[in-house]
Amino acid sequence: MNSLNAYFISSPLSVLLTLTLGMSLAIISDDIGKRVFKSTEPVQSALYFFAGLLALSWLIWLIGLFALVSVFLLKVICWGIILCGIFLAMRRRDELLSSVNRKWAAFQALQSFEFFTACTLFAILGGYFFLSLTVPTDSDSLNYHLALPVEILQKGSLWFNRDHLHYRLAGFGEMINLLGVANGCPQLGAFVQMIALLHTLRALSARVIAAHKLTICLFLAGIPTLLFLLPNQKHQLTGILCTTVCFLFISNSRNLTLSRIRLLMLAMLFAAGIKYSFLLSIAALVVLFLMKRPKDISLWKITVSFALLASFVLGPQLLFRWMHFGDPFSPLLEGLFNEPDPVVKRFHHYIKNFRESSFPFPANLLLTDSAGKVSTILGTGVIILGFLPFLFKRAKPEITSIIFLLLAICFVSQLSSRFLMEPLLWLIPLFITAYGHAKNFKYFTWLLSAQMFCMAPFVASGLYALAPSLFSDALRTKVLTNSANGYAESIWLNETLPAHAHIATSNRSRAFLPRPFFPWEYLVFTSLEKPLEVQALRKKLAEYHIDYIVLPENGTAQLQAAVNASFVSGPKTFPLATRNPLNRTKYKVSIFKIDTLSTPKPH
C-alpha cells in the first residue's frame with residue numbers, strides 16, 4: 001500500500017512543475033475567457049480563472065466517478081495544460097511584459113512611506129508565494145485533502161471507503177489536489193490559492209481609486225487567518241476568493257449579458273462544489289443578484305440557465321453522494337435516517353461546533369490567547385463589520401446580502417474566523433469607497449499597515465522552517481520529519497510493526513501511513529459510555545483485521561480496556577506543528593496489540 005511519500009518526485013522538479021502547471025492553467029483560462037467574452041476587466045479575468053478551475057476539477061471528478069483514474073492519464077492532462085500554457089505565454093509575451101512594466105512604474109512613483117509599506121507588502125506576498133510551494137505539513141492537508149487523492153490513485157476510482165467520514169466532504173478542491181499528487185507536486189492546491197489571491201487583489205483594487213489600491217492590498221494581505229488558509233491544500237480560501245469576485249461582479253457590473261451571467265453562475269457553482277458552507281454564500285449572492293439584476297433580461301431565462309448549469313456542474317457530485325452514502329449532502333442529513341449512525345451524527349456535530357479559539361464569539365475574531373494561534377483571528381480589520389448599519393442606505397442590496405450571509409453563518413455554520421472572512425472581504429471595497437475620503441481614514445490605513453508589519457515575522461519564521469523543502473530531497477525529508485504531522489510517527493510505525501500489520505491510530509494525518517489503517521473518526525467519535533457503540537467499534541475493528549492500535553500516552557485507558565489492548569512499544573515523542581511555526585508542541589504515543597474477539601476488560 002502506497003502513501004503520499006510514494007508519489008513525490010525530486011524536490012526542485014516538484015516546485016518547478018507546480019509553478020509551470022499553475023501558471024499555465026491561469027494563462028489558458030485567461031486566454032479562453034478573453035476570446036469568448038471580449039473583456040479584459042480584472043474582475044472578469046478572475047472569473048475566467050475560477051471557471052478554468054471548475055472545468056479541470058469537474059473533468060477529474062467525472063474520470064473518478066467512472067473509475068478511470070490513473071497516474072498516466074493525469075500526467076497526460078498535466079502536460080497537456082503545460083504545453084498549451086507555454087505556447088500561449090510565448091504568443092502573449094509582449095502583453096505580459098507590458099503589464100509588468102506598468103506595475104513597476106506605478107511602484108516606483110510611490111512616496112517614501114507608501115514605498116516602504118509597498119515593499120513590506122511585496123515581501124509578505126512573496127513569502128506567501130514561497131510558502132505555497134513548500135511541502136505540505138499541516139494536519140488538515142494530511143488528513144483528507146491529500147489522503148483522499150492517494151486513496152483514489154490506489155483504487156483508480158472515486159468510490160472510496162465510506163467509513164472515512166472526512167472523505168465525504170471532498171469536492172472540487174480535492175480533484176485539483178489529485179492532479180498534483182499524481183504528478184508529484186502535492187503542493188499544487190496551495191499554489192492555486194496563491195494565484196487566486198493575486199487575481200482577487202487585482203479585482204478588488206480595480207474597483208477603488210488609485211489612492212486606495214494599496215489600502216485594499218494591505219487589508220487582505222495582513223489578515224492573520226491567511227497564514228492558516230493559504231499555504232495548505234484546504235481549498236476554503238479558493239472558495240472565499242471566488243465568492244468575493246462574484247460579489248464584486250454582481251455589485252459593479254453594468255450592461256450584463258446572459259452569457260456573462262452564465263460565466264458568473266459557473267464561478268458560483270465552482271465555489272458550491274468545493275465545500276458545503278459555500279451554499280450559504282451562493283444563497284447570499286442570489287439575494288444580491290435578484291436585487292440588482294438587469295431588467296432587460298428575463299428572470300425566467302436566468303432561472304432556467306442556473307438550474308441547468310447546477311444540474312450539469314453539481315449533478316455528478318450529488319449523484320455520487322446519493323449512491324454511495326444515501327445522502328446527497330452527507331453527513332448533513334444523517335439524523336433524518338431511520339437508523340442513523342451515531343458516529344456520523346457526532347462527526348457532523350463536531351464539524352459544526354468546532355472552535356479554533358478559547359475566546360467566545362465575537363471576541364475570537366480579534367483576540368488570541370497565544371502567538372501560536374494568531375492565524376485563527378481576522379485581526380483589527382474586523383472593526384469594519386460595525387459599519388454595516390451606516391452603509392445600508394448607501395449600498396442597500398450589497399449590505400442586505402452581507403447581513404444575510406452573516407446571519408446564515410451564525411445560525412448554521414462555524415463561528416470562526418475563516419468562515420467570517422468571507423463577508424469581511426465582501427465589505428472591504430464598500431467600506432473604503434464610502435469612508436476613503438474621511439479625514440480620519442488615514443488612521444485606519446496606519447492600523448492596517450501596523451497589522452501587516454506584525455505578520456511579517458510569522459511569515460518569515462514559516463519560511464525559515466519550511467522553505468528548505470524547496471531545494472533538495474534530503475532537506476524535504478528533514479522538514480517533513482521535523483514539521484509534518486504524522487510523518488515521523490508513520491516512519492516509526494513502519495520500522496516497528498510487521499509488514500502485514502493493520503493499524504488503528506487516533507492521529508488525523510493519514511496521508512503518510514504506508515499500510516492499511518482504520519478510519520480514525522470511528523475511533524474518536526465512538527461513545528465508550530454506550531455498550532452498543534463499543535460493541536459496534538470492536539466489530540468494525542475485527543472487520544478491518546486490526547492488529548495494533550496507536551494511542552496517546554494519557555486519556556485513553558477506557559479505549560484500551562474496550563479493545564483489550566496490551567502494551568507493545570513506546571511511548572515515543574513526535575512533533576505536532578502547523579504552518580505557523582510558533583504553534584508547535586509535541587505528543588507521545590504508544591503501540592498496543594489488541595484483541596477484539598475476547599471479552600472487554602472492565603473499567
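The first residue in the sequence is number 1, and the count goes up from there.
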Backbone N/O of L133 and side chain of Q187: donor-acceptor pair under 3.5 Å: yes
field: Pairwise side-chain contact, F574 with V589, heavy-atom cut-off 4.5 Å (strictly under)
entry: yes
task: Report yes if the side chains of M421 and L229 come closer than 4.5 Å at any heavy-atom pair, otherwise no.
output: yes
query: Heavy atoms, side chains only, cut-off 4.5 Å: are L65 and W159 in contact?
result: yes
query: Taking side chain as C-beta onward, heavy atoms only, is V15 less than 4.5 Å from F191?
result: no
query: Between F517, F518, Y144, which is the residue that forms a ring pair (Phe, Tyr, Trp, His ring centres under 6.0 Å) with H164?
result: F517
task: Check step by step if ring pair (Phe, Tyr, Trp, His ring centres under 6.0 Å) holds for F270 and F278.
output: CA-CA 9 Å; F270 171 63; F278 290 116; 9.3 Å; no
Closest heavy-atom pair and its distance - L269, L314: O-CD2, 3.7 Å
- prompt: Taking all atoms of both residues into account, what is the closest heavy-atom pair of V69 and G64, and its distance?
  reply: CG2-CA, 3.4 Å
message: Quick check: do L169 and I351 have side-chain heavy atoms less than 4.5 Å from each other?
response: yes
task: Kindly indicate whether the side chain of Y487, heavy atoms from C-beta on, has any atom under 4.5 Å from the side chain of T481.
output: yes
- prompt: Is the CH2 atom of W79 crowded by more than 12 outside heavy atoms at less than 6.0 Å?
  reply: no
query: salt bridge (Lys or Arg N to Asp or Glu O under 4.0 Å) with E521: which of R508, R510, R162?
result: R510
field: Side-chain touch P136/L146, heavy atoms, less than 4.5 angstrom
entry: yes
query: Okay, side chain of H545, backbone of H502: is any donor-acceptor separation there less than 3.5 Å?
result: no
task: Test K540 against D163 for salt bridge (charged side-chain N to carboxylate O under 4.0 Å, His left out), laying out the working first.
output: CA-CA 10 Å; K540 194 170 283 287; D163 287 341; 3.2 Å; yes
